[in-house]
Each structure stands twice: as C-alpha cells, then as structure tokens.
Amino acid sequence: MSALLGALFLTSCVSALQHVTNLSDVQWTISNNNNVTVPGKLPSQAHLDLLAAGVIGEPIHGFNEYDQYWVERSNWTWTSEPITGLQTDAETTSWLVFEGLDTFCEIKLCNETVANVANQFRKYEFDVSSILSKCSAKPVLTLNFGSATKIVLDIAANRGPSHVNSANGYNGQEFQGRVYMRKQESDFGWDWGPAFAPAGPWKPAYIVQTNKADPVLITNTMIDIYRQGQVPNFSPDQSKPFVFNVSLDYVGDLPPDTELHLNLQDANGHTVKDAKLGGILQSNSTITGSIIITEQVELWWPVGYGKQPLYNATVSLVNSKLSEAATVTKRVGFRTVVLNLNPITAGEKSKGVAPGASWKFEINGHDLYAKGSNFIPPDPFWPRVNETKIHQIFELAVASRMNMLRIWASGSYLPDWAYDMADEMGLLLWSEFQFSVAYFPTLPEFMEEYEAEVYYNARRVNHHPSLAVWTGGNELEWLIYNWWLNPMGNQIMEDYETIFQGLIARTVYSLTHSISYIPSSTYYGYTSLDFNRERPQQSRYNYMESPDAVYADTDYYNYDGSKAWDFNGYPVGRFADEFGFPSMPSVHSWRDTIPESEFSLDSSYVRHHNRHLNGDTSNWMQASAAGISQFVDSVTLWYPLSTVHDQTANFTMWTWTSQVFQAEYYASQIAFYRRGSGLSNRQMGSLYWQLNDVWVGPTWSSTEYNLRQKVAYYAGKDIFNPVIIRPFYDENIDVLEIWAISDLWDNVSGKATLKWTDWKGNPIPVDLPPGIEEGSSENGSFEVPFTVQPINATRLVTYPALSGAFTCTLPSTHALLRLTVEAGNHTHTSYFHPQSLKLSNIVDPGLVLKSRQCKSSKAVFTVTATKGVAAWVWLDHPSTVRGYFSDNGFWLDKDETRTVVFKVWDDWSAGSWVKDVTIRSMYDNTVDQ
C-alpha cells in the first residue's frame with residue numbers, strides 16, 4: 001500500500017464475517033483517453049503513475065511544473081483488471097468504499113455508473129450489490145477523473161454569483177476558480193509552492209462484502225471524552241468525572257434492540273472499565289451511547305508538561321440480528337483542552353491585564369503557552385507522503401521544544417495515523433477545515449458538501465487527545481477586514497457568516513462537547529455564544545470594549561528588512577499564529593533540483609522556484625526577482641558579505657546568510673511575543689510560519705523539502721527554551737532592556753550573568769546600568785538575581801542611554817554583551833551586539849571541530865572557539881546522511897566548547913559522512929575567496 005495510507009479500513013469497523021477486497025492489490029492501468037496508457041496504482045495520482053512509467057520526470061525538478069502542464073489539463077481514467085474473488089449471489093451485500101477521490105470522478109462498475117463525486121475530503125460508500133449481481137463478466141472498476149482546472153472554471157462561469165467569482169482572482173491566474181471545488185486549494189499554487197492540480201484515487205479503496213444476515217457496515221466513529229457538564233469553548237469543572245460518548249455512523253440495517261458495549265484498557269492491557277453504554281439513540285445512519293468514567297484514569301499532557309498515557313477503547317455493536325458483534329477499537333486519551341476567548345475578568349485587570357478578551361489554550365485546567373509553527377502539505381502529491389516523513393516532521397517539532405502545530409488550510413486533513421503520532425508525542429494539533437483566504441459560494445450543492453465534509457472529518461478525529469481546536473479556515477475574517485472595505489451588510493459578509501458562523505459552527509457544536517471552534521484564524525473573538533442560535537457565535541469584528549482593549553491572534557508579515565528588529569512595529573495581541581520571512585534553501589537541496597550551473601540569485605531556475613512575488617505580477621520573472629530582492633536587500637543591510645569568486649561557494653554564502661537573517665527575525669519576534677506574557681496584553685502563544693516545505697524554493701520554512709534544517713529551525717528551538725534571557729534594544733530611544741521569560745507553571749528563581757567583552761573575548765569596561773551597585777562587577781561581568789512568576793516575564797536591568805556607554809577608545813563596533821540565565825535545571829544564553837554584524841569588528845574565532853562516531857544512529861561533535869567569539873556557528877552535513885543536530889546555529893564565547901549530537905535517520909555512506917561535516921560562522925562572510 002502506498003503512502004497516505006491512512007485510515008486502514010479494517011481498523012474502522014468490520015465484523016469478523018465481512019470479506020474485504022483491498023483494491024490496492026488489484027492491477028490497474030491509467031489512460032488519458034488520447035495517447036498515453038501506463039500501469040497505475042491505487043492510491044495514486046496521475047503524475048505519480050506517469051513518473052513511475054518514465055513518461056515524465058520528477059515534477060518538482062527544474063521547469064517540469066510548466067513542462068507537465070498537459071497532465072493537469074487531461075482527463076485520467078483508472079481501469080482495474082477483472083476483480084476476482086467476489087461473491088455475486090443474492091445473499092451477499094456489497095459495498096464499494098473509497099477513503100478519498102481527488103476530485104471530480106465518475107465511478108463505474110461493470111460499465112454501470114455508480115456515482116459522480118466532487119469532494120477530495122470525503123469518504124464514500126456505495127451499495128453495489130445489485131450491480132454485481134447483474135455483472136455478466138468479471139467485474140471491472142473504472143474511475144474517470146476530470147481536469148479540475150477545466151471543470152472548475154466552467155462551474156464558476158455557469159453557477160457562480162458575480163460577487164464571489166470576482167473576489168477570487170489572483171492576478172488573473174487560472175486557480176481563481178478554486179472555491180468552486182472541494183479540493184486542496186494549494187494544489188493550484190501558493191506563495192511557497194507549485195501548481196500541479198493532481199487527480200486520482202489518492203487514498204485506499206475497498207470492496208466490502210457480507211452475508212445479508214449481517215447487513216451493517218460501520219463507516220465512521222466519533223468518540224467524545226469530556227468532563228461532565230462541559231460545552232465547547234468554555235472551561236470545564238476539573239472536579240467532575242469524564243463522560244465517554246460514542247457515536248457510530250453506519251450503512252445498512254440496524255434493529256431497534258441494538259446495544260453498545262465499551263471495553264477500556266490501559267496501555268498494559270489492564271481493564272479500566274467494561275460496561276454497556278446507556279442513553280442509546282438511533283437513527284437510520286447513526287447510533288450513539290455514553291457512560292460516565294468513575295474509575296481513576298491518568299491525564300494526557302502536552303510534551304514538556306507531563307506524560308501521554310493512552311487507552312484502548314473497544315466499542316462493540318450487538319443485537320439479535322448480527323451473528324457476531326461488529327467492533328471498533330480506537331486509542332484515546334483523557335484530557336480537556338479549551339481555546340479560551342472569554343472576557344478579561346476584574347481579577348485579571350487588577351493584576352495589570354488589559355481589558356478585552358483572552359486568547360489562550362487551557363489544558364486540564366492549566367493555562368498553556370503555545371510554542372510551535374505551521375504545517376503545510378509536505379509534498380505536492382499526498383500519496384507519496386508516508387508515515388516516516390510525517391513522523392520525522394513531528395519529531396523535529398518536538399525536538400525543537402514545540403508543543404503545538406497548526407494544520408493549515410488549505411492543505412488537507414491529516415489521516416488518523418498522523419493524529420496517533422501526535423497523541424504519542426504530546427504534540428497538540430490546531431486543526432482547520434479546508435477553507436482559505438477566499439469567499440466561498442453558498443449555493444445549495446456546496447452547502448451540502450461543506451456539511452458532509454465537516455461532519456465526516458470532525459467525527460473521524462475527535463477521539464485524539466492531540467486535537468486542540470477546530471478553525472473554520474485560514475485568514476477568512478482577516479481577508480474581509482483588510483482586503484475589502486466596509487463589508488458589513490453586503491453579500492460577501494452574509495455568505496461568510498452563513499458558512500463559518502452558521503453551518504460549520506452548528507455542525508461542530510452538534511458533534512462535540514470537548515473541542516472549541518472558531519470560524520477563522522486571525523480572529524477577534526465573539527461578543528456572545530449561544531448554541532441555540534442559527535449562528536451560534538456573534539463575532540466581535542471591530543467592536544471594542546475600550547480603546548486600550550486587546551483581542552485576537554495576530555498575523556504579521558513585514559518585508560522591509562530595515563524594520564526587522566524594530567519590535568515597536570510588531571503586533572500587540574493575545575496570540576501570534578503566523579509571522580515570518582522567506583529564506584533560501586541550502587545548496588544541498590538546490591543541487592537535487594536544478595543544475596549547479598544555475599547557482600545564482602539571478603537564475604531563471606531559482607526565480608521559477610520562488611513564488612514570493614513583489615510588484616507587477618503580469619511579468620512573472622520580474623515579480624519573482626523583486627520578491628527575492630526583499631531578502632537580498634535584508635542580508636546586504638545587516639551582514640558582512642565577502643567577495644567569493646567560486647560560483648557554488650558564493651551561492652552557499654548567500655543562501656546561508658539569508659537563513660541567518662530569517663533565524664534572527666524569528667527569534668526576535670518569538671521573544672517579543674513571549675515577553676508579552678508578562679505585559680498587559682498577556683500574550684499566550686507563538687506559532688511561526690512555517691515548519692516544513694512542499695518543494696525546493698525560497699520559502700518561509702525552517703526545514704527544507706527533504707527535512708534538512710535551516711538556521712531558523714535551531715533559532716526557534718533556542719528561543720523556545722522554557723526559561724530564556726533576551727535583550728530588547730529600542731534604537732528610537734536608545735534604551736536597552738534585559739528580560740527573563742518563563743513559560744513554566746511554577747515560579748522560577750535564579751540568577752542572570754551579564755558580561756561585556758570585545759570580539760576577542762576580552763572583558764571591556766562598560767558602565768553599570770542603574771540599580772546595579774558599584775563593586776558588584778568582576779572582570780567585566782555582574783549578576784542579577786530574579787524570580788519569574790508562572791508563564792510570565794520580568795525586566796532585569798535597563799541601560800537608559802546605551803550609546804553613551806561607548807567612546808572612541810571603546811567603539812560599539814567592538815562590543816558584545818553576553819547574557820546567561822541559570823534557574824534550577826534551566827540555562828540559556830543570548831548575545832547582544834550594539835552594531836549590526838555587518839559593521840561589527842568580527843575576528844577569526846579559531847573554530848576547531850572534532851567528531852566521533854558513537855553508534856550508527858548518532859555521531860558526536862565538539863566545537864571550540866580558540867581565538868575569539870564566534871557568531872552563528874554552523875555545522876553542515878553532506879547529503880549522504882539525513883537527520884538533525886541537537887544544536888546548531890549557536891554562538892560561542894572565546895575558549896568555550898559546545899558538544900553537539902547528530903541523530904541519524906538515513907546513512908548512505910556507512911558512517912563516512914562524519915568526516916565530510918564542515919563548519920562556518922559569520923566570520924567566514926568577512927573573508928574574500
């Protein structure tokens with residue numbers, strides 16, 4: 001079976017007497033009904049089968065995206081070989097089950113149309129008993145997929161109201177009609193990825209047969225675990241017992257005497273509860289029951305805050321008609337997670353919190369500072385995204401001290417096994433319904449699809465403790481208020497509210513007690529919430545309690561590199577769910593994608609793979625060059641750049657330095673947001689954009705397409721330390737403040753050490769800041785004791801006029817401030833340089849790298865700065881190995897040694913890769929080559 005292998009059907013729900021034919025085991029051909037016929041697979045997409053047959057090259061390489069445009073413009077038909085082993089008698093009930101079809105597909109069995117479908121995000125089940133009973137030969141299944149880019153524009157032209165159709169043009173590009181289909185929107189291009197518009201049976205499919213004595217097929221399972229009395233979006237009473245609610249979707253016939261039985265076991269196989277569920281409610285498609293868990297269970301916690309105990313819950317469906325019980329087993333956890341958007345209380349205001357509303361996650365009754373990033377599709381073609389790659393992405397997230405990932409719209413809904421991994425790792429998944437930055441039609445047929453899609457996916461993953469929240473979509477409210485003037489009262493606003501405040505909100509609230517819902521990311525919250533209304537949430541929009549009130553999660557991008565460190569321009573909000581800046585991938589990744597002769601910022605290959613455009617987009621290459629210039633200008637402004645005559649070495653310097661700028665920018669913003677946890681805005685989360693990449697190109701990611709880490713990945717890990725020390729310099733008023741910040745749940749006490757040196761590591765005499773007594777400084781350094789309250793920040797010292805501390809004999813270009821904090825088991829170090837690195841007197845740090853291979857799964861390196869302070873020390877490994885360092889992109893004091901461990905995922909060199917690891921620092925940018 002291939003890749004997105006997802007919800008393996010057999011785990012969903014079958015009785016022992018059912019016979020399952022896995023259609024992945026059937027031979028297939030695909031054809032465009034013109035001049036191409038090749039062997040096919042299921043799951044797959046047309047590009048992948050053509051690639052396997054040698055008809056096309058790797059789509060993401062070079063200019064292949066353009067060269068293969070004909071693939072997305074063709075219709076593609078998957079035809080099975082005659083399917084053997086099926087029963088066709090009158091005593092057999094047969095269902096054709098598709099986990100996912102992408103997207104416009106006519107399904108035929110025995111040359112008879114079963115259905116026409118048009119939603120990538122739904123599961124489909126069809127009773128094909130009568131078709132099979134009439135089949136005169138061995139059954140043949142055909143799946144005819146139409147070209148989405150052709151079909152959707154026809155839909156838009158013929159069915160779309162003008163107020164929606166006109167609102168979705170992206171500079172005249174063809175994917176302007178993407179809202180008229182339920183398909184991954186980024187398939188049509190985004191500002192970080194290509195446009196392939198793939199088609200095909202992207203998830204597994206089956207034929208399930210059973211004797212008519214057992215005429216039930218369970219198609220989906222909803223398990224909702226919540227505190228008694230809990231409702232979405234509100235903090236529950238943690239003293240109440242848990243309720244275990246189960247709802248099964250089915251097709252077929254259930255008699256009225258049907259019962260549900262729960263067997264709950266811990267990870268060691270010990271039975272916690274074994275009992276019949278009560279309150280049974282049954283319709284022609286669902287059966288629901290619940291029970292109170294009075295037994296002791298262990299709570300599930302996010303990584304860094306406790307353990308992740310998981311339980312196996314087996315639900316049995318029993319009645320007099322079934323000859324054997326149908327069972328479903330799901331792995332569950334016990335926790336409460338709430339997105340709290342409630343008004344700031346009088347008690348909070350008395351402690352200095354600004355009026356407005358909270359925007360914070362609570363886990364088991366505790367406030368949580370969310371640290372993390374945003375997840376996008378890891379490949380343009382989901383069928384080749386396997387469990388290994390998702391696990392490695394999540395592993396990188398946890399290793400960099402993240403506790404949350406935002407599963408962004410518009411990619412796709414993650415499979416159950418991805419949530420299983422997150423459950424095990426303690427990684428919370430902010431999950432979004434797949435609607436993004438557009439206005440979506442309220443045509444009846446679309447409303448039906450939205451409801452079916454939300455119903456299926458919300459029920460499918462609700463049992464996972466890693467599920468943190470459901471969001472209606474990406475930047476929807478932000479789009480309305482920032483791209484369109486005065487939308488209040490017009491049809492665009494009415495449609496937005498009908499879908500996201502009405503239909504989807506009602507659907508989610510009807511399903512779950514345990515999961516919060518908001519209609520949009522970058523959301524100002526609601527003024528009221530009434531589950532009985534047609535539109536349960538009354539959104540706040542621009543209604544503010546007072547001029548100093550604070551609401552919302554913020555979404556911030558500024559591509560003026562001259563303003564990068566001016567934190568006065570960063571948004572002041574309650575939570576930050578997007579912020580970032582693009583950088584180049586490494587030379588290693590470029591080498592896999594374009595000819596080395598094209599290693600130049602001016603290369604048409606590089607410009608083609610850059611989708612961050614600027615200016616007039618009617619000229620693609622010119623707009624791409626202008627987009628690249630934004631980070632080129634930033635790099636030129638802030639960092640030294642030597643003259644390097646070797647083309648590859650010069651390209652390496654530019655790509656790496658762009659990553660350093662991105663890393664500093666991310667660290668600067670994360671630190672600012674974290675400091676806000678101790679200020680009046682009570683800021684409670686930082687999720688930078690973005691963690692992973694969909695192909696090789698300049699993007700906002702902190703890891704590359706093959707998961708090689710950029711400098712920003714390690715800068716994020718550093719600034720996500722539970723306790724950090726950080727300088728905040730306001731150049732406008734010449735004030736430097738040093739802050740200690742903690743996201744721990746207990747008071748943290750310790751000491752901070754501040755030491756001024758030159759770049760050679762020698763102490764230099766800088767005046768002590770106010771409040772520090774004379775004589776407390778020794779050898780250029782002094783200590784400051786401190787205590788930080790839970791999830792808070794405290795200012796340690798202030799230099800009110802920093803520039804006055806430097807003279808002609810002690811220029812600021814020679815100065816560095818080393819900041820170290822020690823608090824219990826937590827340590828952290830930061831550096832402050834009064835001048836940009838471009839203007840600083842950087843010296844040769846005399847880096848010495850030593851290595852040893854410990855095991856096949858890891859290698860250990862030591863790095864020592866023997867001559868001076870080293871800025872942005874970077875260990876670079878060859879492409880013969882994949883994995884990640886425990887630390888990278890760090891600073892070293894003179895005579896300081898850092899030990900770094902590399903965890904190996906794949907090694908194609910039998911261990912010899914270790915000798916090919918290289919090291920550089922910012923000093924290398926000052927040396928002409």
Side-chain angles (χ1 to χ4, degrees), residues 1-4 24 27-80 100-105 120 142-152 173-175 183-184 186-190 192-203 377-386 389 412 585 589-598 603-611 620 693-697 704-706:
M1 226 185 246
S2 152
L4 190 72
S24 297
Q27 296 298 310
W28 295 82
T29 57
I30 76 163
S31 170
N32 67 349
N33 303 316
N34 186 4
N35 58 353
V36 177
T37 300
V38 299
K41 291 183 179 180
L42 190 157
S44 192
Q45 289 169 322
H47 288 80
L48 301 181
D49 287 345
L50 295 173
L51 175 62
V55 175
I56 62 174
E58 169 53 54
I60 66 173
H61 286 179
F63 289 104
N64 286 348
E65 177 196 18
Y66 284 167
D67 296 340
Q68 296 169 10
Y69 184 59
W70 64 273
V71 178
E72 73 173 73
R73 300 296 284 182
S74 300
N75 294 347
W76 293 98
T77 300
W78 270 253
T79 304
S80 76
L101 296 168
D102 181 14
T103 289
F104 297 98
C105 181
Q120 178 183 356
T142 62
L143 308 172
N144 180 21
F145 291 88
S147 167
T149 53
K150 288 183 177 179
I151 293 172
V152 75
Q173 296 178 44
E174 189 166 28
F175 69 87
K183 176 173 172 57
Q184 179 169 304
S186 58
D187 281 347
F188 300 87
W190 218 262
W192 37 252
F196 288 106
W202 72 300
K203 287 187 177 183
D379 195 281
F381 308 101
W382 276 101
R384 66 179 181 184
V385 178
N386 57 30
K389 184 157 192 178
S412 183
S589 291
W590 280 118
R591 190 173 284 120
D592 292 339
T593 307
I594 67 175
E596 193 159 343
S597 60
E598 296 292 329
S603 164
S604 58
Y605 281 86
V606 172
R607 291 185 183 182
H608 170 68
H609 279 252
N610 171 59
R611 298 305 161 90
W620 174 277
D693 245 337
V694 71
W695 73 337
V696 177
E704 299 169 15
Y705 172 69
N706 62 4

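This one's a predicted model, so the numbers in the text were calculated from it and none came from an experiment.
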- Using the test side chain to side chain donor-acceptor pair (under 3.5 Å), find all partners of D49 that sit at least two apart in sequence or belong to another chain. S44, W78

- Message: Looking at V36, is its backbone amide N or carbonyl O close enough to the side chain of S31 to form a donor-acceptor pair, meaning the two atoms are under 3.5 Å apart?
- Response: yes

- Results of ring-ring contact (aromatic ring centres under 6.0 Å, His included) for Y605 - residues two or more places apart only: F63

- Donor-acceptor contact present, side-chain N386 to main-chain K389, <3.5 Å: yes

- Residues in salt bridge (Lys or Arg N to Asp or Glu O under 4.0 Å) with E598, at least two apart? none

- Task: Output all residues satisfying side chain to side chain donor-acceptor pair (under 3.5 Å) with S147, sequence neighbours left out; order by chain, then residue number.
- Result: T149

- Task: Taking ring-ring contact (aromatic ring centres under 6.0 Å, His included) as the test, write out the residues that go with F196, two or more places apart.
- Result: H47, F381

- Item | Residues forming a salt bridge (Lys or Arg N to Asp or Glu O under 4.0 Å) with D102, sequence neighbours excluded | K183

- Item | Contacts of E58 that satisfy side-chain contact (heavy atoms from CB on, under 4.5 Å) - sequence neighbours left out | L51, I60, H61, R384

- Across all chains, not counting sequence neighbours, the side chain to side chain donor-acceptor pair (under 3.5 Å) partners of S74 are none

- Listed partners of S589 passing side chain to side chain donor-acceptor pair (under 3.5 Å), at least two apart: E704

- Any residue meeting ring-ring contact (aromatic ring centres under 6.0 Å, His included) with H609, in chain and number order, not counting sequence neighbours: W695

